[in-house]
Amino acid sequence: MRVPDFWRIDGDLCAALDFASSLPRAEGLGFVYVLALSNGNCKLGSTTDLAKRLVQHRTETARYGVSIRRCLATRPHFNYRAVESGALWWLGSEGRREVLPKDLSTVRRAVEAQRPEWTAPQDYVPRHRSAWALCNALMQSIAAGLGIASQGELTREASRILDAHVELGRRTGLSETEGMLNALAVIEARTGIDLRPLRAALLEVQ
């Protein structure tokens with residue numbers, strides 16, 4: 001598969017917020033971000049809701065008389081927490097401190113030294129299936145107890161996941177097929193249904 005550019009956002013906070021606010025959220029995917037602060041420090045973090053997190057940081061930094069001078073955010077990827085942890089380790093951050101007395105170029109290199117999983121890794125489904133299967137079974141039991149026909153709800157939820165992943169992929173550098181593959185991996189992990197033949201067929205027609 002094509003590897004997109006590493007960073008999707010690189011600019012001032014207002015522009016970053018405008019773009020992040022327009023993005024749909026897609027289950028399983030998150031961002032790693034770096035904020036250059038007016039006091040010379042950098043803030044490194046990860047999140048699944050970039051717009052909300054940026055608003056939080058704007059409020060928090062203003063409380064201490066600090067402003068955000070520049071914002072970088074990666075394209076959305078599956079192992080965003082691991083990329084954040086790897087970058088902190090690379091920087092030698094004691095106690096996983098996320099506000100770092102480092103310049104922006106150093107923190108940026110630390111994140112770029114990691115290997116984001118832009119598309120669903122091969123082990124995504126087995127890593128997530130058991131937990132989702134348990135929750136799914138519980139929800140089906142609750143639905144049955146309440147007399148709710150869950151098939152329609154499950155269909156709508158699958159459509160929601162698919163639409164979100166395709167739209168997020170389109171806006172951040174992935175093809176429609178890659179977005180669909182990501183969505184199918186999430187749906188497979190949640191439902192326990194084996195969708196490998198469908199994913200293989202999509203790969204063949206790329």
Q: Show the numbers, then the answer: is there a salt bridge (charged side-chain N to carboxylate O under 4.0 Å, His left out) between Arg170 and Glu167?
A: CA-CA 5 Å; Arg170 183 182 70 78; Glu167 175 66 8; 2.8 Å; yes
Q. At their closest point, which heavy atom of Lys102 faces which heavy atom of Cys42, and how far apart are they?
A. O-SG, 3.4 Å
Q) At their closest point, which heavy atom of Asn182 faces which heavy atom of His165, and how far apart are they? A) CB-ND1, 3.5 Å
Q: Taking the side chain as every heavy atom from C-beta outward, state whether Tyr80 and Thr74 have any pair of such atoms under 4.5 Å apart.
A: no
**Q.** Inter-residue atom distance Tyr124.OH - Leu184.CG, 0.5 Å rounding
**A.** 12.0 Å
**Q.** Pairwise side-chain contact, Leu100 with Asn41, heavy-atom cut-off 4.5 Å (strictly under)
**A.** no
Q.
Could you check whether any side-chain N or O of Asn79 sits under 3.5 Å from a backbone N or O of Ala82, counting only pairs where one atom can act as donor and the other as acceptor?
A. no
Q) Run the salt bridge (charged side-chain N to carboxylate O under 4.0 Å, His left out) check on Arg70 and Asp10 step by step: do they pass? A) CA-CA 7 Å; Arg70 188 172 168 190; Asp10 183 355; 2.8 Å; yes
Q: Please tell me if the side chains of Arg160 and Glu27 come closer than 4.5 Å, counting only heavy atoms from C-beta onward.
A: yes
Q: Compare every heavy atom of Pro116 with every heavy atom of Phe6, then report the nearest pair and how far apart it is.
A: CE1-CG, 3.5 Å
Q) In terms of hydrophobic clusters joined by side-chain contacts under 4.5 Å, are Val99 and Leu72 together? A) no
Q: Go through the side-chain N and O atoms of Asp103 and Ser105 and say whether any donor and acceptor fall under 3.5 Å apart.
A: yes
Q. What's the spacing between Ser67 OG and Leu37 CG if we round to 0.5 Å?
A. 8.0 Å
Q) Rounded to the nearest 0.5 Å, how far apart are CG of Leu50 and CZ of Phe19? A) 9.5 Å
Q) If you measure from CG on Leu35 to CZ on Arg53, what distance do you get to the nearest 0.5 Å? A) 10.5 Å
Q.
Test side chain to side chain contact (heavy atoms under 4.5 Å, CB included) on Glu188 and Arg196; report intermediate values, then the result.
A. CA-CA 9 Å; Glu188 185 175 349; Arg196 283 176 296 180; 4.1 Å; yes
Q.
If you compare all heavy atoms of Ser21 against all heavy atoms of Leu17, which two are closest, and at what distance to 0.1 Å?
A. OG-O, 2.7 Å
Q: Examine Phe31 together with His77 and report whether their ring centres are nearer than 6.0 Å.
A: no
Q. What's the spacing between Arg25 CZ and Leu168 CG if we round to 0.5 Å?
A. 11.0 Å
Q.
Checking side-chain polar atoms at under 3.5 Å, does Trp118 have a donor or acceptor matched by the opposite partner on Glu178?
A. no
Q. Any idea which heavy atoms bring Glu84 and Ser46 closest together, and the distance?
A. OE1-OG, 2.6 Å
Q) Same hydrophobic cluster for Leu162 and Leu29, using side-chain heavy-atom links shorter than 4.5 Å among ILVMFWY? A) yes
Q: Walk me through it: do Leu181 and Thr119 pass the test side chain to side chain contact (heavy atoms under 4.5 Å, CB included)?
A: CA-CA 8 Å; Leu181 287 167; Thr119 56; over 6 Å; no
Q. Can you list the steps and then say if Asn39 with Tyr64 is a side chain to side chain contact (heavy atoms under 4.5 Å, CB included)?
A. CA-CA 10 Å; Asn39 61 4; Tyr64 296 99; over 6 Å; no
**Q.** Heavy-atom pair of closest approach, residues Leu44 and Ala87
**A.** CD2-CB, 3.9 Å
Q. Do Trp7 and Trp90 sit in the same hydrophobic cluster, where Ile, Leu, Val, Met, Phe, Trp and Tyr count as joined when their side-chain heavy atoms come under 4.5 Å apart?
A. yes
Q. Does any non-hydrogen side-chain atom of Val34 lie less than 4.5 Å from one of Lys43?
A. no
Q. If you draw a 6.0 Å radius around CD in Glu60, do more than 12 non-hydrogen atoms from other residues or ligands fall strictly inside?
A. yes
**Q.** Approximate separation, where rounding is to 0.5 Å, of Thr47 OG1 and His57 NE2
**A.** 8.0 Å
